Amino acid sequence: MSRFQVVSGKGGTGKTTVAAALALALATEGKRTLLVEVEGRQGIAQLFEAEALPYEERKIAVAPGGGEVYALAIDPELALLDYLQMFYKLGGAGRALKKLGAIDFATTIAPGLRDVLLTGKACEAVRRKDRSGRFVYDYVVMDAPPTGRITRFLNVNDEVAGLAKIGPIHNQAQAVMRVLKSAETAVHLVTLLEEMPVQETADGIAELRGARLPVGRIIVNMVRPEVLDAADLELVRAVERSSVARSLSAAGLGGARRGQNAERLVDPLLQQAEEYAERYGLEHEQRAALSELGLPMHELPLLAEGMDLAGLYELAGELREQGLS
């Protein structure tokens, strides 16, 4: 598995949930994972039922086998201060710039700079080693921007390296791109079995490949259980109404006046079966379209009880069973 796992997806597909579950799955058996948030939504804190994350790496969960998940919500302004201190040793002058509003001004008028800082901070965590020479984190998982913006977000350092021909900015941008375009990185795309998310996933994969960024896997989220298969649906279409009514009556559905009441149940049941058949067909079409993209594909179930911390651990278990750890 690549050490830097980037998770993107169309809005509403649950990419933050998948990123969190992946971080838990990767931390299994004593591993240490850093889960990074870059959009300022505090979605990670909500999922882990924790307080809002500060701009520091904080342990938020323990995975099966004793592994640890740390989390970091990257603040672009504070990341810029880190950057200025790292390369220009500004010290107190950097804090003065923040008080004057210069940091906010810089990250606002140069949107690309914000993405440089976010990706740079994450890649620094990927490369960081302790005094013994071991990596501080076995894996870094990024809850990245949506699919429509992911390629430009990850590729911004290429543009910066081209603009700044020499100096620390150029060198930093090149170092980040070496990580992002290497085997250390994998960009996973989260989707649903619906037409728009699947199309956006296909477009996103094409853009990532065009930029020579390493595409990882497709993760289909919130997959509903298959109640009837194709053979069952064909039988439903062919069965006569009277036969359904007799079966319902024989099963004791309908009360004292079984025949009449059972008849009333037939139409709603057949209508529900018809709606299920339509959804079944559409989902199978979208699954086939995803298969044609030529990437490993994993599916996560729609949790009947909704998403909570227990559900997050359940999804992490699903990912482990499917080989994503």
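Values in this document were obtained by computation on a predicted structure and should not be read as measured data.
Ile219 CD1 to Leu324 CG: the interatomic distance, rounded to the nearest 0.5 Å, is 5.5 Å. Distance CZ/Arg212 to OG1/Thr151: 13.0 Å, rounded to 0.5 Å. Here Glu68 contributes atom CD and Asp138 contributes atom CG; the two are 10.5 Å apart, rounded to the nearest 0.5 Å. To the nearest 0.5 Å, the span separating CD on Gln46 from CG on Leu309 amounts to 13.5 Å. Taking CG of Leu300 as the reference point, atom CG of Leu319 lies at 5.0 Å (rounded to 0.5 Å). Rounded to the nearest 0.5 angstrom, Leu312 CG and Met307 CE are separated by 6.0 Å.
Hydrophobic cluster membership is shared by Leu118 and Leu34, with clusters built from Ile, Leu, Val, Met, Phe, Trp and Tyr side chains linked at under 4.5 angstrom. Connection of Met1 to Leu315 is established within a shared hydrophobic cluster, with ILVMFWY side chains joined at heavy-atom distances below 4.5 Å, either directly or through further cluster members. Hydrophobic cluster membership is shared by Tyr139 and Leu47, with clusters built from Ile, Leu, Val, Met, Phe, Trp and Tyr side chains linked at under 4.5 angstrom.
A salt bridge links Arg128 to Glu124: one of the charged nitrogens lies within less than 4.0 Å of a carboxylate oxygen. Between Glu39 and Lys15 there is a salt bridge, since at least one side-chain N of the basic residue sits less than 4.0 Å from a carboxylate O of the acidic one.
Between Val38 and Met142, the closest side-chain pair of non-hydrogen atoms falls below 4.5 Å. By the 4.5 Å heavy-atom criterion applied to side chains, Ile205 and Leu189 are counted as neighbours. Counting only heavy atoms from C-beta outward, the side chains of Arg287 and Met297 approach each other to under 4.5 Å. Under the 4.5 Å side-chain criterion, counting only non-hydrogen atoms from C-beta, Val215 is not in contact with Val187. Counting only heavy atoms from C-beta outward, the side chains of His188 and Leu22 approach each other to under 4.5 Å. Using a 4.5 Å cut-off on side-chain heavy atoms (C-beta onward), Ile150 and Val6 make contact. Proximity of Leu193 to Leu290: side-chain heavy atoms (C-beta onward) are separated by under 4.5 Å at one or more points. Using a 4.5 Å cut-off on side-chain heavy atoms (C-beta onward), Lys10 and Thr191 make no contact.
Other residues, nucleotides and ligands place more than 12 heavy atoms under 6.0 Å from the CD atom of Glu56.
For the residue pair Asn221/Thr13, the side-chain donor-acceptor check at 3.5 Å is not satisfied.
Here Met222 is tied into one hydrophobic group with Leu192, Leu302, each link being a pair of ILVMFWY side chains closer than 4.5 Å.
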Legend entry - Residues Thr33, Gln5; criterion side chain to side chain contact (heavy atoms under 4.5 Å, CB included); working and verdict: CA-CA 10 Å; Thr33 301; Gln5 307 273 318; over 6 Å; no

